[in-house]
Amino acid sequence: MPKLMSIEEADPNVGKRVQVRGWIHRKREGGAIMFIVIRDRTGTIQASVKKAMLKQKEWDAAVAAAIESSILVSGTVKKEPRAPTGYELEADSVKIVGSSEPFPITEYQSAELLLDNRHLWLRSQRMRDIMKARAYIFRYLRKFLDSRGFYEITPPLLTKAGGETGADLFEVDYFGQKAYLTESSQFYSEVMAFSLEKVYSFAPSYRAEKSRTIKHLAEYWHLEPEMTYYDNDMNMKLQERLVSNTAIMLAKNNADLLKNFNVDPQTLLKIKPPFKRITYEKALEVLNEKGADKKWGDDLGVEDERLLTEDEEKPVFVTLWPKEIKPFYMPVNPKDERTVLCADLQAPKGQGEIIGGSERIWQMDELKERIAEVEKQKQIKIALENYQWWLDLRRYGSVPHAGFGLGAERVIKWLLNLDHIRDAIPFPRTINRAYP
Ligand code: 4AD
Ligand code: MG
C-alpha cells in the first residue's frame with residue numbers, strides 16, 4: 001500500500017508513489033484516458049487515468065463514477081505544467097469507495113437551491129474556504145483570550161431568564177413550564193466572573209428576529225467575555241486588541257484563503273489599536289451632516305451604520321448611548337444622566353455592529369432603582385423572579401465588572417467581505433429556514 005498523501009503535499013512527493021483519498025471534483029473523458037480532479041481537505045489534484053494502466057474492473061468503475069463519488073487513487077506524483085495545479089497523479093489504481101447519484105448542484109444555481117442543498121453545497125470550494133476561515137477565526141478569538149488568563153465557561157442554552165436585550169425570544173415548553181432559548185449568556189458569564197474573574201462563553205444565542213436582513217440570524221455564535229474590575233474604557237481596550245489580533249492573525253496565517261475572497265491582507269494588517277471612539281451624540285451629528293434626520297433616542301439602522309463608517313478603515317466605537325435604548329443593567333453615566341456607560345463596536349465600510357458591551361450595575365440599590373425606573377418609563381414588569389440568582393451577585397460580595405458580546409458571524413462576514421451573514425455559518429437559521 002502506498003503512503004497516504006494530502007493533496008497539498010504534492011511537491012515534496014514528486015516522483016513517489018502515493019495514495020490520494022478524496023472525492024471526484026471534476027471528470028473529463030477521452031477514449032482510453034480520463035482526467036479526474038480529486039478534492040480532499042487540502043486542495044485538488046488532477047489524476048490522469050489510463051485504461052492500459054488499470055485492471056478492467058477498475059477502469060469500468062471509474063468510467064461509471066459520477067461527480068462527488070468518493071475515491072481512492074494510487075499513482076505517481078508528477079510535475080505537470082498543463083494540469084490546473086501544476087501537479088498530476090499518474091494513476092495505476094482507482095477504487096470507488098462510495099458511488100454518487102447525479103449531483104443536484106451544477107454550475108449555475110439559484111441561491112434557494114443552494115440553501116436547500118446546503119449539506120452538499122458545503123463541499124464547494126467557496127464554502128470550504130469560508131468554513132476553514134471560520135474555524136481559524138474561532139481559534140484566534142479563543143487563543144487571544146486563553147493566553148490572557150481567561151477561562152472558557154459553558155452557559156446553559158435553555159433558560160428562564162428571557163427578555164434582557166429586548167430581542168424577540170424563542171419560547172420552549174420545558175416539561176410544562178415556560179423557558180426560552182437563550183438570547184445572550186451574559187448573566188451566566190457574570191456569575192462565572194464572580195468565581196473565576198476573567199471568563200468567556202462562546203456559544204449560540206437565539207433571536208426570533210422577524211426582520212429579513214443580511215446581518216441577522218435566528219441562531220448565531222456569541223462570544224461573551226466578562227471581567228471583574230473592568231470599566232468601560234478597559235472593556236473597549238480589550239475588544240480592540242481582540243478584534244485586531246484576530247484580523248492580523250488571519251492576514252498573516254491565511255493569506256491563501258483571503259485571496260479567494262478578494263481580501264487584501266494589507267487592509268487587515270492595518271486594523272491596529274487604538275480604534276476611533278465617538279459618542280452617540282457625536283454620531284448623530286455626523287449622520288445629520290451627511291443628510292440623515294436623526295434625533296436623540298433614535299437607534300442606528302443599517303443605512304445609518306453605513307453612513308457612519310463608509311470611509312473608515314478600522315472599526316469605530318460608538319459610546320455613551322441614551323439609557324432608553326439600552327438594557328436595564330447598564331449603569332447611568334455620572335457625567336451625563338441621559339446616557340449609560342456602554343459602547344458598540346461598528347465594523348468599517350458600513351459592515352455594521354459587531355460588538356455590544358458595557359459596564360454592569362454592580363450595587364443592589366442602584367440596580368433596583370434603575371429597574372424601577374425602566375419599568376415605569378416603559379410600562380413593563382421585569383420578571384425578577386427569574387433573575388434572583390443574578391441579583392444575588394449583588395448581595396454576596398459584589399464587585400465592579402464589565403463585559404461584551406461579539407457576534408462571530410458578523411465578524412466573519414466583515415473580515416471575508418461576504419454578501420450575506422448566512423454564508424458565515426454552515427447551517428443558517430433564518431426567518432424562513434431551519435432546513436437542512
Ligand atoms: O448587542 P447585543 O444584543 O448584546 C448582548 O446580547 C449583550 N448581552 C452582550 C454582552 O454584553 N455580553 O448582541 C451582541 C452582538 C451584536 O453586537 C452582534 O454582533 C451580535 O451579537 N448579534 C447578532 N448576530 C447575528 N444575528 C443576530 N440576529 C444578532 N443579534 C446580535
Ligand atoms: Mg447591540
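For ligands, and for the atoms within them, numbers begin at 1 and follow the listed sequence. Since the structure is predicted, the reported quantities are computational estimates derived from the model, not experimental observations.
Listed for the K314 side chain is a donor-acceptor partner under 3.5 Å among the backbone atoms of K272. With hydrogens and angles ignored, the 3.5 Å screen pairs a side-chain donor or acceptor of S70 with a backbone N or O of G98. Looking only at distances, a side-chain donor or acceptor of R394 sits under 3.5 Å from a matching main-chain atom of I361. Panel note: side chain Y387, backbone G162; a donor-acceptor pair is recorded below 3.5 Å. For T42 (side chain) and I7 (main-chain N/O), a donor-acceptor pair under 3.5 Å exists by modelled atom type.
For ligand 1, the atoms lying closer than 4.0 Å to a non-hydrogen atom of E353 are 1 (O), 16 (C), 17 (O), 19 (O). Annotation for ligand 1: atoms under 4.0 Å from non-hydrogen atoms of F404 are 10 (C), 11 (O), 12 (N). Those atoms of ligand 1 with a heavy atom of Y329 less than 4.0 angstrom away are 7 (C), 8 (N). Interface atoms of ligand 1 facing E209, defined by a heavy-atom separation under 4.0 Å, are 28 (N). For ligand 1 and K215, the ligand atoms under 4.0 Å from any heavy atom of the residue are 25 (C), 26 (N). Close approach of ligand 1 to I355 is summarised as follows: ligand atoms under 4.0 Å from at least one heavy atom of the residue are 17 (O).
Around the Mg ion (ligand 2), protein N, O or S atoms at less than 2.8 Å comprise E353 OE2.
Looking at Y220 against ligand 1, only its side chain comes within 4.0 Å, counting heavy atoms. When non-hydrogen atoms are compared, ligand 1 lies under 4.0 Å from neither the backbone nor the side chain of Q346. Contacts with ligand 1 closer than 4.0 Å are made by side-chain heavy atoms of E224 only, the backbone lying farther away.
A side chain to side chain contact (heavy atoms under 4.5 Å, CB included) with H222 is found for one member of P204, P155, S205 and no other, namely S205. Of the residues listed (T309, I278, I354, I355), the one engaging Q346 in a side chain to side chain contact (heavy atoms under 4.5 Å, CB included) is T309, and it is the only one. No option in E409, E305, E209, E353 other than E305 meets the salt bridge (charged side-chain N to carboxylate O under 4.0 Å, His left out) test with K215.
For M330, the closest heavy-atom approach to ligand 1 does not fall below 4.0 Å. Under the 4.0 angstrom criterion for non-hydrogen atoms, E226 is not in contact with ligand 1. Using a 4.0 angstrom heavy-atom cutoff, E409 does not count as in contact with ligand 1.
Looking only at atom types and distance, the side chain of Y220 has a donor-acceptor partner in the side chain of R207 under 3.5 Å away.
Residue G357 has no nitrogen or oxygen atom sitting less than 3.5 Å from a nitrogen or oxygen atom of ligand 1, judged on distance alone. Not one N or O of L406 is nearer than 3.5 Å to an N or O of ligand 1, by distance alone. Of the polar atoms of I354, at least one N or O is found under 3.5 Å from an N or O of ligand 1, judged by distance alone. Remark: ligand 1 and S184 share an N or O pair separated by less than 3.5 Å (distance only, no angle test). Checked against a 3.5 angstrom limit, the closest N/O atoms of R360 and ligand 1 fall inside it.
Of the options R207, Q186, R422, the smallest heavy-atom separation from atom 3 (O) of ligand 1 is shown by R207.
At a threshold of 4.5 Å between non-hydrogen side-chain atoms, the residues L238 and F144 count as touching.
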Return a table of donor-acceptor pairs under 3.5 angstrom between the side chains of residues 124-131 and protein atoms on other chains or two or more places apart.
from	atom 1	to	atom 2	distance (Å)
S124	OG	W121	O	2.7
S124	OG	M127	N	3.3
Q125	NE2	D129	OD1	3.3
Q125	NE2	D129	OD2	3.1
R128	NE	R123	O	3.1
R128	NH1	D40	O	3.2
D129	OD2	N260	ND2	2.8

Result block: side-chain N/O donor-acceptor pairs under 3.5 angstrom for residues 424-436, not counting sequence neighbours:
from	atom 1	to	atom 2	distance (Å)
R429	NH1	P436	O	3.1
R429	NH2	P436	O	3.3
T430	OG1	N432	OD1	3.4
R433	NH1	D116	OD1	3.1
R433	NH1	Y435	O	3.1
R433	NH2	E112	OE1	3.0
R433	NH2	D116	OD1	3.0

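Taking the ring centroids of Y329 and F187, they lie under the 6.0 Å cut-off.
One finds the CD1 atom of I38 at 12.0 Å from the CH2 atom of W23 (value rounded to the nearest 0.5 Å).
Screening residues 352-376 for ring-ring contact (aromatic ring centres under 6.0 Å, His included), with sequence neighbours left out, gives no hits.
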